[in-house]
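One structure below.
Naming convention: chains lettered A, B, ... in sequence-line order (proteins, then strands); numbering from 1 in each chain. Keep in mind the model is a prediction, meaning the values are calculated, not measured. Reckoned from all heavy atoms, side chains included, excluding hydrogens, waters and symmetry mates.
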Number of protein chains: 2
Amino acid sequence: MVQDVMEREGPRSKRAGILAAAIDSFGQDGYEHTKWAKIADEVGIGQTALYHYFESKAHCLLTIMSLELARSLQRFREVTADVPQADAALRAAIAAAYDVSPREVLQMRILQNHMDLLATPRASEREEVERQQARKHVREIEDEWTALVERGMASGAFPERDARALATVVLAMVVSVWRWYRPGGRLSLDDVRELIADAAVRVVGP
Amino acid sequence: MVQDVMEREGPRSKRAGILAAAIDSFGQDGYEHTKWAKIADEVGIGQTALYHYFESKAHCLLTIMSLELARSLQRFREVTADVPQADAALRAAIAAAYDVSPREVLQMRILQNHMDLLATPRASEREEVERQQARKHVREIEDEWTALVERGMASGAFPERDARALATVVLAMVVSVWRWYRPGGRLSLDDVRELIADAAVRVVGP
DNA sequence: CATCGAATTGAACTAAATTCAGGTCAGGAA
DNA sequence: TTCCTGACCTGAATTTAGTTCAATTCGATG
């Protein structure tokens, strides 16, 4: 669900609705291609009302990205927390990565397509805050994958090599899927899970 | 070099200069962040003159992407043509992928960051032509990698599995590097070549 | 009831890409 | 040489979308 962020929202807040509409449009039609005013229409408010919730269209995009990163990170931690064997944890993390709702698929797509936005500072205050937040999540996710690989090396499950580099490669494999995956396409999410899990085990294993 | 495209260019054409300036700015500062007029300044012409060479800023971007895809494809074919063993061809293709000039690094970055542009049709004529061109190159590159993997399976060098899926994974690994690689960063291009070549051999091998 | 802040609005503003309506310039034909 | 043509270029005007502004409505709370 999109709700339950830290900040308490008033009962007649349209924030969640805006995010949902934005995710659908940004994900389906692309960020630059969607007119900000169209989101307002879909939610049933005037364009100006959007600025009560987000400082800008870009701020909304960054929020969507940050939310999805936070969710992914949390999910990773949940499913790997109580799995001591690194190879099992690796498979669990990958399974979790593809255990997503249709809307989360769109969010991952948006995330992949606009990751470059996180590289350069934003002029406006709240955008920059959200960007930093997102960057932090990215770093934490990379750290989690690295720690997982290191754990496997320490336990002897994986041969000793550059853990961070390997983690980067594995993570890239996992997320690159969202660039081409389409529901109803040649491969199902289950197919993808199997494909990537096997590949990851091979990359990191003996 | 950026020149030697099919179309003969007049001697005082600034097209190559525009492309070079655009690659630098789009690659360094990002496409949306660079002002089209700034490119004109850098080349030493008025903003309107840009439209003599490109129908739009997006058309220029699509041209850059298409050019880089064409170059990559050609290079792949060159280095794998006379290598019969699939595993050697795989390593050659990966080596070639990272044997690039600084400007080509930027072009690959631009390509990765805007691949999603190829998914949806363009309203304007020449943009759409360039998009189709780029999509064709993408398809051909995917076909080349797939054929390479299939060749390996047929020869027994790689175990039989879903060749297209595996090729997609390998190609994704190869190109995902451009999202994070920076000259002077933790890993050199030689490091990257080794890292990805090893990973690819593991993914596709026994 | 009074009030406060969240939520909303129409009208005006702005930045940047693009179009328009015409110039200039170099090189080949007459 | 002069003329002509098409490549190349320009300043001014237009367009489009995102954004700001000043002012208003609504609902809960004291």
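- One can place CD1 of B/I39 at 13 Å from P of C/dT18, the figure rounded to the nearest angstrom.
- Among residue pairs with one or both ends in residues 188-200 of chain B, those qualifying as side chain to side chain donor-acceptor pair (under 3.5 Å) are B/S188-B/D191, B/D190-B/R193; sequence neighbours excluded.
- In this structure, the ring of A/Y98 has its center less than 6.0 angstrom from the ring center of A/W178.
- Among the protein residues, A/Y51 comes within range of the nucleic acid bases, having at least one heavy atom under 4.0 Å from a base atom.
- Remark: of the listed residues B/H59, B/E128, B/E127, B/E127 is the sole one forming a side chain to side chain donor-acceptor pair (under 3.5 Å) with B/R122.
- A cation-pi arrangement is absent between A/K14 and A/Y53, since the terminal nitrogen or guanidinium carbon is not both under 6.0 Å from the aromatic centre and inside a 45° cone about the axis.
- Atom NZ in B/K57 sits roughly 12 Å away from atom C1' in C/dT18 (whole-Å rounding).
- Here A/H52 reaches the OP1 or OP2 of C/dA7: one of its side-chain N or O atoms lies under 4.0 Å away.
- Of the possible donor and acceptor atoms, one in the side chain of A/R135 sits under 3.5 Å from a partner among the backbone N and O of A/L118.
- Mapped onto DNA chain D by nearest heavy atom, A/Q47 and B/Y53 fall at different nucleotides, with B/Y53 at the one closer to the 5' end.
- In this structure, B/P11 and B/A37 both approach DNA chain C, and ranking their closest nucleotides by distance from the 5' end singles out B/A37.
- Counting any heavy atom pair closer than 4.0 Å across all strands shown, B/S124 reaches no nucleic acid atom.
- Residue A/R12 places a side-chain atom within donor-acceptor reach of the base of C/dA6, judged by atom type and a 3.5 Å distance cut-off alone.
- Of all nucleotides in DNA chain D, those with any atom nearer than 4.0 Å to a heavy atom of chain B start and finish, going 5' to 3', at D/dG6 to D/dG11.
- C/dT19 atom C1' lies 15 Å from atom CH2 of B/W36, rounded to whole Å.
- The separation between A/I18 atom CD1 and C/dA6 atom C1' is 13 Å, rounded to whole Å.
- Comparing B/E32 and A/T48 against DNA chain C, the residue whose closest nucleotide sits nearer the 5' end is A/T48.
- By the 6.0 Å contact criterion, NZ on A/K38 is enclosed, its count of non-hydrogen atoms from other residues, nucleotides or ligands being greater than 12.
- At the phosphate of C/dT8, OP1 or OP2 sits under 4.0 Å from a side-chain N or O atom of A/K14.
- Under the 3.5 Å distance criterion, with hydrogens and angles disregarded, a donor-acceptor pair is assigned to the side chains of A/S124 and A/E55.
- Atom P of nucleotide C/dA17 and atom CG of B/L61 are separated by 13 Å, given to the nearest angstrom.
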